[in-house]
Amino acid sequence: MSTKLDVYRFDPETDQDPSRKQYEVDLPEYGTVLEGLLEVRDAQDGTLSMRCSCRSAICGSCSMKINGQSRLACKTLISQIEHEGETITVDPMGNMPVIKDLVVDMDSFWDKMKTVGPYLKPEGPEPERENLVSNDSMMRLAVAMNCIMCGACVSDCTVLEVDKSFLGPAALAKAFRFAADPRDGHTEERLKSYVEPSGIWDCTRCNMCVQACPKDVEPMERIMDMRVMAIESGLTDSRGARHVEGFSNSVKHSGLLDEFALARKTFGFPKWGFELAPFGIRRLLRRRLPPIIHKGISTAKRVTRIFERLGV
Amino acid sequence: MRQHDVIVIGGGLAGMRAAQQAQAMGADVAMISKIFPTRSHSAAAQGGINAAVGVGDSWEDHAYDTVKGSDYLGDQDAIEVLCEEGPADIIALERMGVIFNRNGEGQIDMRAFGGATNVRTCYVADQTGQVILHVMWEQLLKSGLTVYSERFVTELLQEDGRISGCVALEIPTGRIEIFQTRAIVLATGGIGQVYYPTTNGLAVTGDGLALAYRAGASLMDMEMIQHHPTTLKANGVLITEGARGEGAYLLNSVGERFMENYAPNMKELASRDVVSRAETMEVRAGRAVDGDCVLLDLRHLGRDLVMTKLTQIFELARDYAGTNVLEEPLPIRPGHHYIMGGIKTDVDGRTWDPSGQGRWKGAEGLFAAGETANVSVHGGNRLGGNSLLDTVVFGRRSGAGAVEYARSVGWASVNENAAINGLESRIKDIFSRPSDGLRAATLRRQMGTAMNDGIAVFRNEEGMQKTLATIRAIKERLPEVSVHNKGRLFNTDLLSVLELDYMLDVAESVGMGAVTRKESRGAHAREDFPDRNDEDWLKHIVVARSEDGQAEVGFLPVTMTKWEPIARTY
Amino acid sequence: MRYAFWPGCVSRGGTPELYPAVTAVAAKVGMELVELDQANCTGAGVLGERNDELVDTLNARNFAIAEQQGLDTLLTICSTCQGVMSSVNYKLRERPEYLAKINENLRAEGLEYKGTVRVTHMMWAIVEEMGLDELKTMVVNPLHGIKVAPFYGCYVLRPRYVLGFDEHPDRGQYLEKIVETLGAEPIDYEGKWRCCGFPIMTINESNGLRMVANHTQAAKDKGAHIMVTPCPLCHISLDEFQPKASNAAGRPINMPVLHLPQMIGSALGFNVKEMGLKRHIISTEPFIQMSGVSRG
């Protein structure tokens, strides 16, 4: 099967600007983008640089943007993406500086991993043998341990595009792995540090990382897990947590969201007035205010009962 | 020039374990790795890690299974160390954070694996290697180990035969770095890319074996190459033995569970060499699927088991074979997977004979561990689940050995300028060749295909000699190989030439071991010598460099403690 | 076609111009919307940060109400509601034992979700059920000469496996197709598939504003006259927060942002008032002039 590749090229030592180069390769039935690039590098153009090793989606080396989406080149079959267009575009990962061609500098990625304290910190006396823990508790962590640190989620993260200080999906998925480990002795301390600015509340829930992750870690869902854990452990003094509480109360009592009440709760009094006043005036001029008197559904009591049944 | 008491070359499990141990003993340690440590091929180990941690199991049983699995070529003193110390290492890994699947009591759960008389393979779904590798990496972050990542080691430096340092190329920048050290632990993994196809990653190019060989160490039992019974046809990717451990069947084209004919007791869970041979015989008997495959059938295991314990397999089969293993059997075939052979070491990882009697050739100050090394615990055939244990136990022991040695000696001197100039002129020479010359990839593929043709599941004199001749002919052409890329930054084109150079030394030593052993033992199954011959060949074959730089074959006795060789049936 | 209809809170709250535009366009194109007046908030992704089972139960309740009324397709115009409903529905339909557990929570109300409901977004329904050819026949005021930057919003795009992309792999191109059908010209720009910033506006406003500024500016740089979005939350972000984003970025942007139904309605002959085009924060006047939509 003949496949066309359109590849980003840049050698900072010799090139002023990045350029693109087109190649055509012949691949077998289950041919992958990686095999295509290897064919290019081995036979056609040895100046092409990229990282790769295992060929089976476990080492995490070959993450790159394929047709604009971050994916593992070794896990992306040509046949899977044929419908996306005749020519496959290949670019280096985003949110990280390019070293050469498809190779990016992952230092910031590793540095952020380090800041979440990515190792078990047990407390108390060592058990005689292994720690006795339930299989379910370990398999809950296995979802996050699936992470091969390929960087695809970070590459596509929409928050990192506007804020380099955000810890990002990979580091936060790693953070979850320890915050949720029953053998760790520092869960609260961990959660406290993760609710700080640039942490779990800065995720915008765009699902980019969920889509990009080749190992079903669903980093955003792990961040959401930690939001639940943070609120449950009483870390409610943040806009994010207040937003959730306000939202929850409104739906609990009326079945629907009361946007006004939510703003009051999230920003706190009297700040919400200052922050939101300009919006209110502009909205007023455009007849665009939400109803000031919140009207719930007539069966709201039934919704309340569901909340109560689930202890919320 | 950088200086460290101990340098570990290789960032996989054995290397990390060695570095961790050395650092825990207070030494100044650094790790040099060709790829970022978590990219190492240890991550690809799927099924599990063996140790007698379960009730009713004993390390002696594990040792016996291992001795038998090795077809009696394993050194029994080393096997005893592996199996006796293994359980404590597993517990240590668990406490470091390895999640391990659990039984109802919350203890580490175990699954059945090939060649084992007890259920003793600890596992994390089918991603055991990856999880252990990542946890070890976490531990290195915790301890603040110095890691030189993406450095390719081109030479070991010696003074009067003793290790004094090494030369490395920093891949992202193309800078040359010189390291001075008192001891080096080589842990660069196997030789996979010497074969085509292979389950191994592209970075697995036998670097450590070639470095050691060139520094005067011995390569032992190199003919003992393991072909894994279940690899994918499309790209050689591994399908874990854990699938059979969880109960999957092997079927031939007429739907027969053929292992019943070859290993009536253990069937699909016989040793890997036995299963791979059985598959090949089925194919030869005309009961193949897809040309040269048989079928791995997981359908009866049920969705729940597959989706919780064999998730990676489900995905690999779906992605690379278009097969839904819940609904249809998966075509698989034997494929190159592992080398039992490697750098000859003692149980403390030393490559030289510490007795001073010179029983084998080595390099003082040089240690090795993991697949790079041959202690030897796997002998003629490795049991599934023993390789991870090997990396952890002997990684730790070689780290300790290196620190003890480093403390007993002063610094040997390094001529920094000469070392830099040596590599620079080598690179200059490669760059000076015309760009449109021979590609390293072309020769690599020729080598891999020749190895797979002549030194695979079944072998014979003619085929092996032909392969060896091909390897030597390719070696002759090495000076013709040129590169397109003459830049400094991340020049993988240059790297491919340097790696090929290493791989050809390794391939030749495999061929020499193979033609030397005139019997069938473990993975070395000869059509022209179909039987094991303990009288003449119950011994190790070593290949080392002679004074004049040629590869030379020698022999070493096998260490026996309590298990006499008997016929091997499963 | 007959749909159970869930308008979501924002179409009558934060962007009150949307609800009348939707109902007008739906009536015109022959979609019968049966509004679920006893349905509850889907949780908008926020309640999931409190308790997943709660979110699953609340959405199952809505599905059960739709089933009770004999409706098998639940249509919404809020991408966020659609995203939550689709992912809950996926989970409940994949895992019958979990659905049984959720139904226990509904039993007190006498409800049971049988797993028969399909969730769709008005944008999808127009392309997949009504068809663009049909839509084209209804265009009376083609939007010739107008360059439109489509902005999808996250929850109609990701994660693909819960959103039916296996069955409809082109769902990431529908806006462009509709734009073309209405006679306008879609333009491509960085950001059309990215996040609008809304979910973090109350938590980290400066990040949210940067997203708004980036996308509106990118659309403008590529020559877009307007942006169009199928998501009311994206609309709030891109329209209402645009002046602030523009200030923070230190450059004037002034990019009008239309709700998808407003753009469709404008081509189908509705007037400015019916489509609520004067109720935006960023003036839609350039669009009104170029499209020649009746001022009513």
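Both backbone and side-chain heavy atoms feed into the values below; hydrogens, waters and symmetry mates do not. Per chain, numbering begins at 1; letters A, B, ... match sequence-line order. The structure presented is a predicted model; accordingly, all values stated were derived computationally and were not measured.
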* To do: Please determine if A/Glu161 and C/Arg194 form a salt bridge, counting it only when a charged side-chain N lies under 4.0 Å from a carboxylate O.
  =>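 Between C/Arg194 and A/Glu161 there is a salt bridge, with a charged N closer than 4.0 Å to a carboxylate O.
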Using non-hydrogen atoms and a 4.5 Å limit, figure out which bit of [X] sits close to chain C: side chain, backbone, both or neither.
| X | value |
| --- | --- |
| A/Leu256 | both |
| A/Phe307 | both |
| A/Gln69 | side chain |
| A/Glu218 | side chain |
| A/Val159 | both |
| A/Val244 | both |

So, do [X] and [Y] sit near enough that their side-chain heavy atoms are less than 4.5 Å apart?
| X | Y | result |
| --- | --- | --- |
| A/Gln211 | C/Phe165 | no |
| A/Cys206 | C/Arg158 | yes |
| A/Val251 | C/Leu47 | yes |
| A/Thr204 | C/Asn204 | no |
| A/Ile306 | C/Asn40 | no |
| C/Tyr155 | A/Arg205 | yes |
| A/Thr158 | C/Met211 | yes |

Measure the spacing between [atom1] of [X] and [atom2] of [Y] and express it to the nearest 0.5 Å.
| X | Y | atom1 | atom2 | result |
| --- | --- | --- | --- | --- |
| C/Leu157 | A/Asn207 | CG | CG | 10.0 Å |
| A/Arg309 | C/Thr57 | CZ | OG1 | 8.0 Å |
| A/Met224 | C/Glu49 | CE | CD | 5.0 Å |

* **Where at least one partner belongs to residues 244-253 of chain A, residue pairs that pass side chain to side chain donor-acceptor pair (under 3.5 Å), sequence neighbours excluded** =>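 Found A/Glu245-C/Arg50.
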* Heavy-atom pair of closest approach, residues A/Phe247 and C/Cys41 ->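 Shortest heavy-atom contact: CE2-SG, 3.6 Å.
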* Structure fact -> Highest number of heavy-atom pairs under 4.5 Å with chain A among C/Gly197, C/Gly43, C/Cys9 belongs to C/Gly43
* What residue, out of C/Ile203, C/Asn214, C/Ile200, C/Val46, has the most heavy-atom pairs lying under 4.5 Å from chain A? ->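 Looking at each of C/Ile203, C/Asn214, C/Ile200, C/Val46 in turn, C/Val46 comes out on top.
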Check for a donor-acceptor pair, side chain of [X] on one end and backbone N or O of [Y] on the other, with a separation under 3.5 Å.
| X | Y | result |
| --- | --- | --- |
| A/Arg305 | C/Ala108 | no |
| C/Glu53 | A/Leu310 | no |
| C/Arg210 | A/Val162 | yes |

Select one option (side chain, backbone, both, neither) describing which atoms of [X] are under 4.5 Å from chain A's heavy atoms.
| X | result |
| --- | --- |
| C/Thr15 | both |
| C/Asp37 | backbone |
| C/Leu106 | side chain |
| C/Glu190 | neither |
| C/Asp239 | side chain |
| C/Ala44 | both |

* Steps toward side chain to side chain contact (heavy atoms under 4.5 Å, CB included) verdict (A/Val303, C/Leu58) -> CA-CA 8 Å; A/Val303 174; C/Leu58 290 177; 3.9 Å; yes
* Structure fact -> Counting heavy-atom pairs under 4.5 Å with chain C, the top scorer among A/Ile223, A/Thr299, A/Val210 is A/Thr299
* **Heavy atoms from other residues, nucleotides or ligands near NZ of C/Lys101 exceed 12 (cutoff 6.0 Å)** => no
